[in-house]
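Notes follow once the structure below has been shown.
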2 protein chains.
Amino acid sequence: MKNTNELTSALKQAGLRLTPQRLAICRFLAESKDHPTAAMIYEHLRPQYPSLSAMTVYNTLNTLVELGKVNVLGDCGDDHAHYDADTSPHINLACISCHRIVDIAIPQVEELDREVNRASGYQLLGARMMYYGLCPACQPSKVL
Amino acid sequence: MKNTNELTSALKQAGLRLTPQRLAICRFLAESKDHPTAAMIYEHLRPQYPSLSAMTVYNTLNTLVELGKVNVLGDCGDDHAHYDADTSPHINLACISCHRIVDIAIPQVEELDREVNRASGYQLLGARMMYYGLCPACQPSKVL
DNA sequence: TTCTTTATTTATAATCAATATAAATTTATA
DNA sequence: TATAAATTTATATTGATTATAAATAAAGAA
């Protein structure tokens, strides 16, 4: 979750044009609470942009990732890359039944983050933290 | 990192035969400190098992994952699934230059883990935590 | 505006890790 | 040893993503 403007201005600052397609992709990414795949973005925008090509979605997402404004989550349990406009270290919860991915705010993440930075010896750039399980909505219908 | 026997006995307990191929895959997984891909395992074992097929590697890995004895890391920055025999919640460090993935022991993980279990409302099954950056060996050769 | 150049989108084909399938091989048991 | 079941192997297929090139749209100059 993040301001649409933060994504669009990053594109402009990189010398890229803010086309209607790119704007729509940025807006959808910024406003979505779950973490959509490229296919989900494509299908969602197609009614409004009938000529939209999947390649444009992939290109725009890759650009935003290269600019560091969007993270790829490649580990969501459904073999699809999901995109997350929140690039700060945080916990993602992935439901193994409905494959929805949501964030959860846990203050302890910051303490952990400081400790990894201190103890690793790595020059760190970012993190992805995923927990897997059954979301409250899916628990009644599925028994482990 | 984990005992080879823990993997092989899990296969036997599931009613599966411990073939030479499966044993070799389990041993390599248990003994490797980084987190190999299916292709890495295949290439490493081929000299010893010239008839080995990639399919057997994939099948064995999938079985071990289904048995909960091995985790898949799908988010390592090189578009390949890596396999981790350590299924307890822990931090993985991925180098964006050499693409090696190592573990780091951070006590704060357990506190975080407790808090996610308490606060999420999810019935949790596991976690994957990845940090990205330049490892100490790659830092001199690459400038950010 | 019109022309010219450049960036972008689109359509199509290609890639490649992973899966599906079926034949060949090995193992277990009678 | 013979039979049946499990496993491995070889081959073909899938499907998300990438590569390529043609079509389109936008920017700048005259």
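Letters A, B, ... mirror the listed sequences (proteins, then strands); counts begin at 1.
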State whether B/Asn59 places a side-chain N or O below 4.0 Å from either non-bridging phosphate oxygen (OP1 or OP2) of D/dT7. no
Within the structure shown, what part of the strands sits under 4.0 Å from B/Ala81 by heavy-atom distance: base, sugar-phosphate, or nothing? sugar-phosphate
note: A/Leu18, atom CG; C/dA7, atom C1'; distance rounded to Å ~ 14 Å
Where the side chain of A/Arg22 is defined as all heavy atoms beyond and including C-beta, which of C/dT9, D/dT7, C/dT19 is the nearest nucleotide? C/dT9
Can you list the steps and then say if B/Asp113 with A/Tyr131 is a side chain to side chain donor-acceptor pair (under 3.5 Å)? CA-CA 9 Å; B/Asp113 200 53; A/Tyr131 269 83; 2.5 Å; yes
Tell me: NZ of B/Lys12 to C1' of D/dT7, nearest whole Å? 17 Å
Taking atom CD as the centre, does B/Glu110 end up with more than 12 heavy-atom neighbours from other residues, nucleotides or ligands that are less than 6.0 angstrom away? no
Nearest to the side chain of B/Ala38, which nucleotide is it out of C/dA18, D/dT7, D/dT9? C/dA18
Is the phosphate of C/dT10, meaning OP1 or OP2, less than 4.0 Å from a side-chain N or O of A/Ser51? yes
Atom NE2 of residue position B/His44 - does it have more than 12 heavy atoms of other residues, nucleotides or ligands inside 6.0 Å? no
Per nearest nucleotide of DNA chain C, the residue lying toward the 5' end, A/Pro20 or B/Pro20, is A/Pro20
Between C1' of C/dT9 and CD1 of A/Ile25, the distance in whole Å: 11 Å
Measuring from the side chain of B/Arg17 (C-beta onward, heavy atoms only), which nucleotide among D/dA26, C/dA28, C/dT9 has the closest atom? C/dA28
In whole angstrom, what separates A/Glu43's CD from D/dG15's C1'? 15 Å
Among D/dT9, D/dA6, C/dT19, which nucleotide sits nearest the side chain of B/Leu52? D/dT9
Sugar-phosphate, base or nothing in reach of B/Asp79, heavy atoms under 4.0 Å: nothing
Of all the choices, D/dT18, D/dT17, D/dT9, which nucleotide is nearest to the side chain of A/Met55 once you look at every atom? D/dT18
Does any nucleotide pair with C/dA30 by Watson-Crick or G-U wobble geometry, both distances under 3.5 Å, and what is it? D/dT1
Would A/Asp103 and A/His35 count as a side chain to side chain donor-acceptor pair (under 3.5 Å) here? Give the steps. CA-CA 9 Å; A/Asp103 295 343; A/His35 308 277; 2.9 Å; yes
Whole-Å distance, A/Tyr42 OH to C/dT9 P, equals 14 Å
Between A/Arg22 (side chain only) and A/Arg17 (backbone N and O only), is there a donor and an acceptor less than 3.5 Å apart? yes
For B/His82 and B/Leu73, indicate whether the former's side chain and the latter's backbone hold a donor-acceptor pair under 3.5 Å. no
D/dA6 OP1/OP2 closer than 4.0 Å to side-chain N/O of B/Thr19: no
Taking OP1 and OP2 of D/dT18, is either one under 4.0 Å from a side-chain nitrogen or oxygen of A/Tyr58? no
Whole-Å distance separating the CG atom of B/Leu16 from the P atom of C/dT27: 16 Å
With nearest nucleotides of DNA chain D determined for A/Thr37 and B/Gln21 from heavy-atom distances, which residue corresponds to the more 5′ nucleotide? B/Gln21
When rounded to whole Å, the CG to C1' distance for the pair A/Asn62 and C/dT9 reads 15 Å
Have a look at A/Thr56 and say if it touches a base, only the backbone sugar-phosphate, or nothing, with a 4.0 Å heavy-atom cut-off. base
Whole-Å distance, B/Arg46 CZ to D/dT9 C1', equals 13 Å
If you check every side-chain atom of B/His80, which of C/dA17, C/dT8, D/dT17 has the closest atom? C/dA17
